[in-house]
Each structure stands twice: as C-alpha cells, then as structure tokens.
Amino acid sequence: MEGTQARHEALGLDEGDLLRMYRVMLLARRVDERSWILNRQGKAAFVISCQGQEAAQVGAAMHLRPGHDYVYPYYRDHGIVLALGMSARDELLALLGREEDPNSGGRQMPGHFSSRELNIVTASAPIAVQFPQAVGSALAFKMRGEDGVVLVCGGEGSTSEGDWHEAMNFAGLHDLPVIFLIQNNHYAISVPEPLQVAGSIARRAEGYGFPGVEVDGNDVLAVYEAAGEAVARARRGEGPTLIEAKTYRLTAHSSDDDDRRYREREEVEQWRLKDPISRFERYLVENGILDEAARERIDAEVREEVREASEYAENAPVAEPSSVLEGVYAEGV
C-alpha cells in the first residue's frame with residue numbers, strides 16, 4: 001500500500017505501538033463478544049456494545065497519561081478504558097454485578113466505568129451530563145496551572161442535549177484543555193442520524209470559537225493523528241477541540257434492542273466490510289508488522305485472557321443488596 005509505512009512513522013509510532021493498539025482493539029472486541037454470550041446464557045442482564053467503534057476509542061486514548069489526565073467516557077467506551085489500564089476481568093466483574101467490580105462494587109449498570117487510580121470518572125445515566133462535568137475538571141487544570149487534559153466522549157445523539165452545548169460554550173469561552181470526542185455511529189438508539197442531527201457536528205465547534213475536525217472513525221491512525229493534535233493544543237493552553245469520528249455500531253443499541261426494526265441487514269453487512277479491526281490488520285500485514293502466525297498468537301492470547309476473566313467473574317461473589325448505600329453519602333454527613 002503506497003505511503004502507508006511513512007504514515008505511521010510520521011505519527012511517531014513504532015511496531016510495538018501499533019501492535020499494542022491492535023491488541024487493545026481486539027481485546028475490546030473479544031470482551032464484547034463474551035458479554036453477549038453471558039447475556040444469552042442469562043448470566044448478564046444487560047450489554048452495551050462497542051463493536052465497530054474500537055478504532056475511534058483506542059486511537060483517541062493512546063495520547064493520554066493514565067492517572068494524570070481525566071477521562072469522562074460514555075457507556076460504549078470499552079476500548080478507551082482498556083487502553084488506559086482497566087482489564088478484561090474488571091469489565092466482566094462489572095457486567096455480572098460482582099462485589100469486586102472496581103467501577104461500583106456491582107451496584108451500577110454495565111458501561112458506567114470508574115477508576116480513581118486511572119482518573120476515569122463514571123457517567124450518570126442521563127445522556128450528556130458528562131460534558132459539563134468534564135469541562136469543570138478542565139477548568140480546574142487551568143486554574144491550577146497544570147498541563148492535564150480532559151477527554152470526554154459521547155455519541156451523536158448526545159449532541160442534541162443542552163448539556164453538550166452548554167459545555168461547548170463554556171469550554172470555548174475559557175479556552176479549556178478539553179477534547180470532545182463524538183463517536184458518530186449513525187444511530188441514536190433507534191433514531192437514524194438524519195432525524196437526529198441538523199447539519200455537521202464537527203462544524204458546530206466554529207460557533208463556540210474552537211476547531212472541529214471530522215475523521216474516519218474506523219481508521220485508528222486517522223483518529224490517533226487528530227487526537228494527537230488536539231491533545232498537543234490543549235497542553236499548550238490553546239483550548240478545546242471537537243473531534244467527530246464517523247463510525248458505525250455493528251450490533252443493536254443494547255441487548256434490549258431489536259435493530260432489525262429500524263435498519264436493513266444489508267446496511268449492517270456493508271459496514272462489516274469496513275470493520276476497523278480487519279482494516280487495521282490489513283495495514284499491519286501490508287507493512288510487514290503482522291503475519292498470520294503473529295495474528296493467531298495474539299488472538300489466542302486475547303481469547304485466553306477473556307476466558308480466564310470470565311471464569312473468574314462468574315465465580316466471584318455477587319454484590320450484596322445490603323451494600324447498596326455504601327459510597328453514596330459522604331461519611332460524617
């Protein structure tokens with residue numbers, strides 16, 4: 001493929017970086033697939049999938065410093081939290097509501113990621129409330145004179161909420177070090193993008209006084225490049241950036257959704273041909289970074305990691321109902 005080697009080298013990525021990105025994308029996919037199996041077996045009550053969006057997530061997360069920068073993910077961001085250091089075991093403990101779940105001790109629905117150590121802040125269930133909260137963290141970084149960056153994520157449906165617009169306005173007004181990553185997967189639950197979004201999401205940033213860029217969200221290197229520029233701007237004190245990553249969710253909105261009611265199977269199959277993991281595999285093969293033996297080895301390692309994580313989570317103690325109020329109220333109040 002002409003020019004492809006120069007492409008990742010120009011981004012400062014070596015073979016180890018590329019293989020790590022590939023492995024995290026694959027791990028997110030395998031955890032997701034295992035989650036659906038556990039749901040079908042009646043062991044997991046609810047699944048929110050990231051399949052098809054792994055490139056947008058991992059490409060953006062690779063520039064962040066875990067435990068220093070802050071991340072406000074949304075409920076599909078399995079690739080982001082795995083890239084930052086959460087594990088397959090963490091993911092499946094949360095899915096099954098186990099006491100050891102590091103997100104909430106088994107008291108929150110899946111997809112509400114949280115880690116004090118990694119500065120991952122859990123989102124509330126109402127759509128888009130994470131945006132003003134993320135902007136608040138970015139304001140704290142600026143007031144303290146620190147070089148931290150905040151990444152906050154959502155789907156295109158969240159850009160219809162007032163919280164998003166208020167956060168965008170505040171971030172632009174105060175030149176805050178925050179990156180808005182909108183993973184536009186073309187469907188807000190069952191509502192297609194043309195009935196949900198007026199105009200271009202990326203261009204909306206112009207109205208708030210900062211750059212907005214649209215990237216191919218199924219191309220992990222394109223997202224990595226856009227996110228790198230956004231992070232560098234933020235660290236230099238030049239303010240926020242909006243990244244609209246155009247991607248697609250390959251599964252239903254959730255395990256409670258029947259997407260056959262609102263989209264044709266032919267459309268889904270056409271997007272499967274653009275699968276970000278298969279696409280990245282081809283890039284790695286064409287550039288001599290991945291061969292069939294290495295691909296099979298990495299896949300086997302990831303599958304074994306997920307199998308062990310699932311076995312551990314399935315046998316771990318269930319969160320006791322008596323603990324439901326722990327951590328809800330401040331001690332001594």
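The figures that follow rest on heavy atoms only: side chains count, while hydrogens, waters and symmetry mates do not.
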For the side chain of [X] and the backbone of [Y], is there at least one donor-acceptor N/O pair under 3.5 Å apart?
X: Asn169; Y: His165; result: no
X: Lys142; Y: His174; result: yes
X: Asn103; Y: Ala94; result: no
X: Glu33; Y: Val31; result: no
X: Arg233; Y: Pro240; result: yes
X: Arg98; Y: Asn315; result: no
X: Asp101; Y: Gly97; result: no
X: Asp17; Y: Asp14; result: yes
X: Asp90; Y: Ser87; result: yes
X: Arg260; Y: Asp258; result: no

Straight-line distance of [X] [atom1] to [Y] [atom2], nearest 0.5 Å:
X: Phe180; Y: Leu242; atom1: CZ; atom2: CG; value: 8.0 Å
X: Met168; Y: Tyr208; atom1: CE; atom2: OH; value: 6.5 Å
X: Glu244; Y: Arg204; atom1: CD; atom2: CZ; value: 8.5 Å
X: Gln57; Y: Cys153; atom1: CD; atom2: SG; value: 7.5 Å
X: Leu181; Y: Thr241; atom1: CG; atom2: OG1; value: 11.5 Å
X: Ser310; Y: Leu96; atom1: OG; atom2: CG; value: 7.0 Å

Just so I know, are the side chains of [X] and [Y] near enough to count as touching, which here means a heavy-atom distance under 4.5 Å?
X: Tyr312; Y: Glu308; answer: no
X: Leu221; Y: Leu13; answer: yes
X: Ile277; Y: Tyr22; answer: yes
X: Tyr248; Y: Lys274; answer: no
X: Val81; Y: Glu91; answer: yes
X: Leu38; Y: Glu314; answer: yes
X: Leu284; Y: His8; answer: no
X: His253; Y: Tyr187; answer: no

[X] atom [atom1]: more than 12 heavy-atom contacts under 6.0 Å:
X: Arg65; atom1: CZ; result: yes
X: Arg261; atom1: CZ; result: no
X: Tyr74; atom1: OH; result: yes
X: Gln41; atom1: CD; result: yes
X: Arg20; atom1: CZ; result: no

Consider only side-chain N and O atoms of [X] and [Y], and report whether a donor and an acceptor are under 3.5 Å apart.
X: Asp77; Y: Gln183; value: yes
X: Asn185; Y: Thr247; value: no
X: Gln51; Y: Asp32; value: yes
X: His112; Y: Arg107; value: no
X: Ser254; Y: Tyr75; value: no

Testing the basics here: between [X] and [Y], what is the closest heavy-atom pair and its distance to 0.1 Å?
X: Val215; Y: Ala222; value: CG1-O, 4.2 Å
X: Gly199; Y: Val197; value: O-CG1, 3.5 Å
X: Phe141; Y: Pro177; value: CB-CG, 4.2 Å
X: Ser158; Y: Ile182; value: OG-CD1, 4.2 Å
X: Tyr72; Y: Gln130; value: CD2-O, 3.9 Å
X: Ser35; Y: Ala44; value: O-CB, 4.4 Å

Exercise for review: Mind running side chain to side chain contact (heavy atoms under 4.5 Å, CB included) on Gln196 and Ser160 for me, showing each step along the way?
Suggested key: CA-CA 7 Å; Gln196 180 75 31; Ser160 299; 2.9 Å; yes

Check your understanding: Under 30°, 30 to 60°, or over 60°: which ring-plane class applies to His78 and Phe113, parallel, tilted or perpendicular?
Key -> perpendicular

Exercise for review: Test side chain to side chain contact (heavy atoms under 4.5 Å, CB included) on Arg29 and Leu250 and set out the steps.
Suggested key: CA-CA 11 Å; Arg29 178 66 60 89; Leu250 295 173; 4.1 Å; yes

Verify same cluster id: [X], [Y] (apolar side-chain graph, 4.5 Å):
X: Ile179; Y: Leu84; result: yes
X: Val302; Y: Val285; result: yes
X: Leu82; Y: Val306; result: yes
X: Leu18; Y: Leu64; result: no
X: Ile37; Y: Phe46; result: no

**Study point:** Sole candidate of Arg30, Arg23, Arg34 that passes salt bridge (charged side-chain N to carboxylate O under 4.0 Å, His left out) when paired with Glu305
**Key:** Arg23

What I want to find out is whether [X] reaches [Y] closely enough, with some N-O distance under 4.0 Å, to be called a salt bridge.
X: Glu311; Y: Arg307; answer: yes
X: Arg265; Y: Asp259; answer: yes
X: Arg235; Y: Asp69; answer: yes

Practice item. List the steps and the verdict of side chain to side chain contact (heavy atoms under 4.5 Å, CB included) for Tyr262 and Asp257. Key: CA-CA 10 Å; Tyr262 57 83; Asp257 172 43; 2.6 Å; yes

Review point. So Tyr283 and Arg7, side chain to side chain contact (heavy atoms under 4.5 Å, CB included) or not? Walk me through it.
Key: CA-CA 11 Å; Tyr283 178 90; Arg7 183 182 179 200; 4.1 Å; yes

**Study point:** His186 and its side-chain hydrogen bond (donor to acceptor under 3.5 Å, both in side chains) partner, picked from Arg263, Glu156, Glu193
**Key:** Glu193

